[in-house]
Amino acid sequence: MGKKKNKNKVSGAVKTAAKTEKKLANKLKKELANLGEEDIAKVVAQIEREEAKRAAASEKSLPGPPSARAYASLTPHPTLNELILFGGEYHNGQKTEVYNELIFYNPVSNNWRQIKAPGAPPPRSAHQAVATPANKGELWVFGGEFTSPSETQFYHYKDLWCFSLAEKKWEKVVAPNGPSARSGHRMSLVGRRLLVFGGYCDDGRECRYHDDLYAFSLDTRTWEKITPNGRGPSPRSACLMLPAGNDSVIIYGGFSRVREGRVERACTHTDMFRLSCGGGGGGAGGGGGAWRALGGGARPARAGLAAAVNVHANRAYVFGGVNDVEETEEELKGEMSDDLSVLDLETARWHAVTLRSEQPRPPVVPDTPIEQPCPEPVTVITDEVFTIKLGGAVAEAGAGAGAGAERGVCGAGRAGGGPCARMSAALAAHRSVLYVYGGVLEKDDKQFYLGDMYSLDLHKLNEWKTIISQPELPDWLGSDSEYDSDGSDDESDSDDSDEQ
């Protein structure tokens, strides 16, 4: 009788990997003990358990505006003239604080109120949120990440939550076959489906970017992985994903790291695609659809842009963003933008928005008593709701980069006022008014998390109105460089800021 084979025997490579994993876990445990931090997965689970204990919702008016933050979501209320702010994070160079605050802003009364509801999600940033008027109003939140105060640990979520605006309570929606854990992804409501695309996940050993596409049916509450025909966008995070009608989305830009041999380089994308969803997006079986590459006109490479869709006019407003230029193998220089553009979602053409206060006046002619009128910009988009007067071509790459830093703090001294150059701001268009809140300003190798807020009347396009001023930049408690004195790359600063 022959010798029996041990079916449970593992190879030497597997044993080595297991030993390495154990050493890394023990090393992390010691580091956390020195920092006074617990394992981040345990912290997240504990927060969720504590939130579940809340018996009833409470509501209070805030004495002032929310704190500064970036990577938050600002969502138009589906039935009321309000904005819904959720999550986000703040980093001062030494510590990071992540929020799960649910805050409502009323632009008429200029009032902020916070709701603490039963079963709230754990704190997160770089998530996505979408509101729908169904069932008297719902706010859907997917994914994101939680960061420990020291930024030594990152936890990526793959959970889906629904907040009932009428009942003021959260529900964790558990459905199989959904997207993997990620942040920096994008989510859009198309028909009765939530479409989720891209994002990234960094487990401390490997950073993976995604190009997968999932659909969640709001009717059947089921996930489906979508595989469209044709060549679509490459893996990326921090891109734009804009719903174009009830059966398609447009994806533009974003950030990823691309490996070429043994070298990994940063890549800020400039390509644009349209996904036609085929069956109209009525349910989980609406079809995979097809990708189609778009030209869309010359457009600078950008990631971390803020976007807001005017559904009735079939156009999107896009603000800010960053283009990471790789100066060396270890250093990235972020060229930030304060451009405001409009994307026609039907024609996929870009237009720069020029405010009336920013229009150049004609030169003064001596001995001419009659004042020459200021030339009107060209009207390029008209619909039944209102007419937008836009400028010419979109600014070239680098135009406006760092503009806010040169003009003073966040728009001081600029024509029309308004937000300075930044990335990962929160943008919302509601009832013909555009709102910009927060974001990150890079200046002198430092990252300043902003707390200012502005609005722009899309009917008049006169000038930005300041809702929350930013008289000076917040204190920076970190070093002047993203890199340690020994030259090692600080992953928490160099990667996450550009990829969410």
Side-chain angles (χ1 to χ4, degrees), residues 24-25 27-29 31-48 50-51 66-73 85-102 120-129 141-159 161 180-185 199-209 237-238 255 257 303-304 423-426 438-442 446-451 474 476-479 482-484 488-500:
L24 289 172
K27 181 181 178 182
L28 177 61
K29 190 175 181 180
E31 291 176 351
L32 295 179
N34 293 333
L35 293 168
E37 288 186 2
E38 292 185 65
D39 177 74
I40 195 166
K42 294 180 179 179
V43 172
V44 169
Q46 180 61 30
I47 293 174
E48 190 170 332
E50 291 298 323
E51 291 289 352
S67 59
R69 67 192 66 191
Y71 311 115
S73 58
L85 177 69
F86 178 73
E89 69 177 44
Y90 179 81
H91 180 65
N92 63 7
Q94 287 187 353
K95 290 186 177 181
T96 298
E97 186 172 1
V98 187
Y99 307 104
N100 68 340
E101 297 170 327
L102 183 65
R124 65 193 60 211
S125 63
H127 56 281
Q128 288 284 280
V141 175
F142 174 76
E145 70 177 52
F146 180 70
T147 309
S148 68
S150 65
E151 290 204 334
T152 56
Q153 301 182 83
F154 298 92
Y155 184 91
H156 294 265
Y157 296 101
K158 61 177 180 179
D159 48 1
W161 298 78
S180 59
R182 63 191 65 197
S183 60
H185 54 285
Y200 82 106
C201 183
D202 188 348
D203 61 5
R205 294 179 296 276
E206 179 186 17
C207 183
R208 295 187 59 188
Y209 292 86
S237 68
F255 179 89
R257 291 186 177 274
M423 64 181 180
S424 302
V440 177
L441 167 65
E442 286 187 348
K446 303 172 184 177
Q447 292 187 343
F448 297 99
Y449 282 61
L450 305 174
W476 178 259
L477 305 181
S479 64
E482 292 181 308
Y483 300 93
D484 301 330
S488 62
D489 184 7
D490 182 352
E491 294 282 349
S492 62
D493 286 340
S494 62
D495 283 348
D496 289 353
S497 60
D498 299 333
E499 295 168 359
Q500 299 180 15

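Worth saying up front: this structure is predicted, and the values here are computed from it rather than measured.
- In this structure, the separation between OG on S183 and CD on Q128 is 10.5 Å, given to the nearest 0.5 Å.
- If you take CG on D39 and CD on Q153, they are separated by 5.5 Å, rounding to the nearest 0.5 Å.
- In terms of heavy atoms, A72 sits closest to L85 at CB-CD1, 3.9 Å.
- Here the CZ-CG distance, from F86 to N100, works out to 5.5 Å after rounding to the nearest 0.5 Å.
- Between E38 and Q46 there is no side-chain heavy-atom pair separated by less than 4.5 Å.
- Scanning all heavy atoms of the two residues, the minimum distance from P122 to I47 falls at CA-CG2, 4.0 Å.
- Of all non-hydrogen atoms in S180 and F142, the two that sit nearest each other are O-CZ, 4.4 Å.
- No hydrogens or angles considered: nothing links the side chains of Y71 and E145 as a donor-acceptor pair under 3.5 Å.
- For the residue pair S73 and H127, the shortest heavy atom distance occurs at OG-NE2, 2.9 Å.
- Under the 4.5 Å side-chain criterion, counting only non-hydrogen atoms from C-beta, P474 is not in contact with Y449.
- Taking every heavy atom of both residues into account, A70 and V440 meet most closely at CB-CG2, 3.4 Å.
- Between Q447 and M423 there is a side-chain heavy-atom pair separated by less than 4.5 Å.
- Rounded to the nearest 0.5 angstrom, H156 NE2 and F146 CZ are separated by 12.5 Å.
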- salt bridge (Lys or Arg N to Asp or Glu O under 4.0 Å) between D159 and R124, intermediate numbers included: CA-CA 11 Å; D159 48 1; R124 65 193 60 211; 2.8 Å; yes

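- With rounding to the nearest 0.5 Å, the separation of SG in C201 from CZ in R182 is 8.5 Å.
- Residues S125 and Y90 are not in side-chain contact: their nearest non-hydrogen atoms beyond the backbone lie 4.5 Å or more apart.
- Between the side chains of T96 and E89, no donor-acceptor pair of N or O atoms lies under 3.5 Å.
- Two residues are said to be in side-chain contact when any heavy atoms from C-beta on lie closer than 4.5 Å; F154 and D202 fail this criterion.
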As a quick check of understanding, evaluate side chain to side chain contact (heavy atoms under 4.5 Å, CB included) for V43 and Y155, giving each step before the final call.
CA-CA 10 Å; V43 172; Y155 184 91; over 6 Å; no

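- Between F255 and R257, the shortest heavy-atom distance links the atoms CE2-CG, 4.1 Å.
- Atom OH in Y99 sits 5.5 Å away from atom CZ in R69 (nearest 0.5 Å).
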